[in-house]
Amino acid sequence: MQFLKLPRLLMPHMRRIHLHSQPLPSESTYRIGGIDDAVALIHRMVDMHPLPSIVEFTKILGMIVKMKYYATAINLYTLMEYKGVVPFTVTFNILINCFCHMGRMDFAFSVMGKIIKWGCQPNVVTFTTLMKGLCVNDKMLDALHIYNEMVARRILFDDVLYGTLINGLCKSKMGNTRAAIQLLQKMEGQLVKPNLVMYNTIVHCLCKDGHINEARVLCSKMIVQGIFPDIFTFSSLIYGLCRAGQRKEVRSLLNGYCLNNRVDEARELFNLMIERGEQHDIIIYNILMNGYCLNNKVGEAKKLFHRMIERGEQPDIITYTILMHGYCLIDRVDEARKLFHGMIETGLVPDVWSYNILIKGYCKIERVDEAMNVLEHMFLTNLVPNIITYNSLVDGLCKSGGISDACKLVDEMHYCGQPPPDVTTYNILLESLCRIEHVDKAIAFFKHLIFERSFAPNVWSYNILISGCCKNRRLDEAMNLFNQMCFKNLVPDIVTYNILLDALCNGQQLDKAIALLKYQIVDQGISPNLRTYNILINGLHKSGRPKTARKISQYLFIRGYHPDVQTYLINELCKGYH
DNA sequence: ATAGGGTTAG
């Protein structure tokens with residue numbers, strides 16, 4: 001792995017900068033140790049007579065950008081221009097890159113005007129930089145427009161431009177991986193050929209989205225073309241196989257785990273890699289171990305853990321956290337704790353994340369006192385808990401019946417605020433109030449929060465209260481809350497509608513439920529989920545209307561919504577949840 | 001040689 005880690009060690013500040021063109025009287029080489037050195041150097045250079053060449057200035061600006069000091073780079077450029085340094089295209093490209101990273105696409109575009117003003121020509125790099133900026137700032141349509149603009153200006157595309165575009169397509173909110181694949185296919189007969197970066201980009205996206213089979217097809221294609229998978233390709237595939245079949249919403253409902261049998265395929269791939277002597281590293285071990293943990297095979301994960309140590313790989317903090325999480329998922333928190341101490345013994349310093357896993361674990365098995373002890377331990381080591389730490393504790397306190405302690409903790413957060421409570425903190429309390437105490441108390445507390453603590457409720461907050469009202473058969477109040485949330489421009493989601501549908505079905509108002517489904521859910525473009533299906537069909541069957549149930553099934557089916565065997569199974573598992 | 005694409009895990 002030395003090979004891969006090397007570039008990371010070669011940080012910009014380790015480089016030496018040579019001012020061959022205009023040496024200073026005393027020395028011709030500067031050591032740039034950090035951002036301060038770079039800034040100081042530019043300040044000295046702008047006052048030299050004659051001025052050093054623009055190439056030297058641009059080199060240093062480039063280093064500053066690599067250190068991610070975008071605003072600094074821009075300020076220094078302004079100083080340079082003021083002192084009479086004449087920029088060229090490369091300098092402008094750096095500026096555009098800075099503005100893109102700062103999310104200021106308006107300024108990035110204004111640099112284009114500057115380029116023309118200074119008599120320079122934008123080149124393929126200029127456009128690639130702009131395109132990347134538009135992609136990451138979620139303006140994919142404008143990015144495609146850049147592409148057309150380049151065609152009009154007859155600027156030749158190169159592999160980096162295509163790589164940028166492919167990545168943009170894959171990651172855009174439209175999730176257009178298919179378009180990216182099409183673009184790749186179109187390139188095959190062209191001058192610029194698809195390369196490893198482009199394939200890896202698409203394979204990674206396909207795997208993340210769970211389209212593991214398509215990713216494999218693409219891998220075969222790249223091999224046929226003589227492009228061989230590297231460590232990134234393998235890690236994407238292994239990650240994809242570990243997560244295959246795991247639906248995010250279900251995973252969260254089932255407290256993080258959901259079974260699939262493709263982890264074994266992931267392991268086969270891993271073994272294949274090792275047999276072939278491919279490069280592999282700690283990250284691949286971590287991905288696979290996490291796959292085992294999420295699929296209820298902590299034992300396998302632990303075996304892998306020992307194996308990696310035998311092979312001379314040093315587990316890192318993430319390795320330990322993954323294993324700890326695995327044990328917490330099956331409620332073996334003491335095992336997680338042992339690992340935690342083992343980690344400290346090897347000289348690793350636990351971070352907030354690893355503490356949070358332990359705290360969450362103790363809360364889940366209702367040993368909140370020990371969770372609080374862990375919090376104390378965090379304070380002792382001068383680690384600052386984050387909002388997840390506190391929210392886990394608040395939830396734990398609520399679930400073990402200590403709602404008043406939970407309120408106390410939230411008050412502390414509110415008054416001494418490091419960190420202050422967020423909307424999730426309050427939602428946890430509201431949910432608990434609805435469940436344990438009374439919905440009236442929850443609503444009163446809700447109002448208090450809005451007026452006294454300028455609480456900004458979200459859709460989830462309303463869902464909690466609406467559900468609370470419905471469970472107490474107070475449909476009118478539920479509808480009032482529903483209207484209130486719409487009035488606040490909060491858009492009800494499928495969870496909101498499922499709550500209402502459930503209430504209508506329970507209140508024998510099935511025709512209203514059907515109208516809600518047709519005119520407020522489907523017509524508004526909201527996708528019904530499995531739960532929606534189940535609520536309605538069950539409701540209709542219970543009311544002795546099997547014909548209507550079939551009609552509704554058909555209605556949903558022809559619109560592309562249909563449950564399969566697995567979804568029914570999941571529905572059964574998730575009963576009682578919305 | 002100064003500018004632009006994929007950095008995967010909790």
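Residue numbers start from 1 in every chain, and the chains themselves are labelled A, B, ... in the order their sequence lines are given, proteins ahead of strands. Here the structure is a predicted model, which means the values were calculated and not measured.
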Inset, instruction - Have a look at A/M131 and say if it touches a base, only the backbone sugar-phosphate, or nothing, with a 4.0 Å heavy-atom cut-off. - result: nothing

Legend entry - From B/dA3, B/dG6, B/dG5, nucleotide with atom closest to A/D159 side chain: B/dG5

Legend entry - Length of the line joining A/K66:NZ and B/dT7:C1', which is rounded to integer Å: 15 Å

Inset, instruction - Mind calculating the distance between CG (A/L294) and C1' (B/dG10) to the nearest angstrom? - result: 10 Å

Inset, instruction - Please work out whether the ring planes of A/H101 and A/Y70 are parallel, tilted or perpendicular, with thresholds of 30° and 60°. - result: parallel

Return a table of donor-acceptor pairs under 3.5 angstrom between the side chains of residues 377-388 of chain A and protein atoms on other chains or two or more places apart.
| residue | atom | partner | partner atom | Å |
| --- | --- | --- | --- | --- |
| A/H377 | ND1 | A/Y355 | OH | 2.9 |
| A/T381 | OG1 | A/H377 | O | 3.3 |
| A/T381 | OG1 | A/M378 | O | 2.9 |
| A/N386 | OD1 | A/N356 | ND2 | 3.2 |
| A/N386 | OD1 | A/I388 | N | 3.0 |
| A/N386 | OD1 | A/T389 | N | 3.1 |
| A/N386 | OD1 | A/T389 | OG1 | 2.9 |

Inset, instruction - With heavy atoms under 4.0 Å as the rule, sort A/V65 into base, sugar-phosphate or nothing. - result: nothing

Inset, instruction - Classify the angle between the aromatic ring planes of A/F107 and A/F99 as parallel (below 30°), tilted (30 to 60°) or perpendicular (above 60°). - result: tilted

Inset, instruction - Would you state whether a donor and an acceptor, one from the side chain of A/N195 and one from the base of B/dG6, lie under 3.5 Å apart? - result: no

Inset, instruction - Assign A/T321 to base, sugar-phosphate, or nothing according to its heavy-atom contacts below 4.0 angstrom with the strands shown. - result: base

Legend entry - Face-to-face contact A/W353 to B/dG10 six-ring, under 5.5 Å, under 30°: yes

Legend entry - Atom pair distance, as rounded to whole Å: CD1 in A/I212 and C1' in B/dT8: 13 Å

Legend entry - Contact list for DNA chain B against residues 87-103 of chain A - heavy-atom distance below 4.0 Å: A/F88, A/V90, A/N93, A/I94, A/N97

Legend entry - Any N/O donor-acceptor pair, A/T164 side-chain to B/dG5 base, under 3.5 Å: no

Legend entry - Atom pair distance, as rounded to whole Å: CD1 in A/I64 and P in B/dA3: 12 Å

Legend entry - OP1 or OP2 of B/dG10 under 4.0 Å from side-chain N/O of A/R243: yes

Inset, instruction - Determine, for A/E81 against A/K114, whether the closest basic-nitrogen to carboxylate-oxygen distance falls under 4.0 angstrom. - result: yes

Inset, instruction - State whether the distance check finds a donor on one side and an acceptor on the other, under 3.5 Å, for side chain A/D158 versus base B/dG4. - result: yes

Inset, instruction - Determine whether more than 12 heavy atoms belonging to other residues, nucleotides or ligands lie under 6.0 Å from atom CG of A/L191. - result: no

Inset, instruction - Round to a whole Å and report the spacing from NE2 of A/H204 to C1' of B/dA9. - result: 10 Å

Inset, instruction - Could you check if a side-chain atom of A/M222 sits within less than 4.5 angstrom of a side-chain atom of A/L196, using non-hydrogen atoms only? - result: yes

Inset, instruction - Kindly point out which of B/dG6, B/dA9, B/dG5 is positioned nearest to the side chain of A/M198? - result: B/dG5

Inset, instruction - Describe the nucleic acid contact of A/T129 in one word from base, sugar-phosphate, nothing, applying a heavy-atom distance below 4.0 Å. - result: sugar-phosphate

Legend entry - Short side-chain N/O contact from A/K132 to OP1 or OP2 of B/dA3, under 4.0 Å: no

Inset, instruction - Answer yes or no: is there a side-chain heavy-atom contact under 4.5 Å between A/I146 and A/D142? - result: no

Legend entry - A/R307 with A/E310: basic N within carboxylate O range, under 4.0 Å: no

Legend entry - Length of the CD1-P vector between A/I202 and B/dT8, whole Å: 18 Å

Legend entry - A/H325 side chain near B/dA9 phosphate (N/O to OP1/OP2, under 4.0 Å): no

Legend entry - Proximal nucleotide (of B/dG4, B/dT7, B/dT2) relative to the A/K59 side chain: B/dT2

Inset, instruction - Round to the nearest Å and state the distance from A/Y285 atom OH to B/dG10 atom P. - result: 18 Å

Legend entry - For atom CE of A/M63 and atom C1' of B/dA1, their distance in whole Å: 11 Å

Inset, instruction - Taking only the side-chain nitrogens and oxygens of A/N290, find out if one of them lies under 4.0 Å from OP1 or OP2 of B/dA9. - result: no

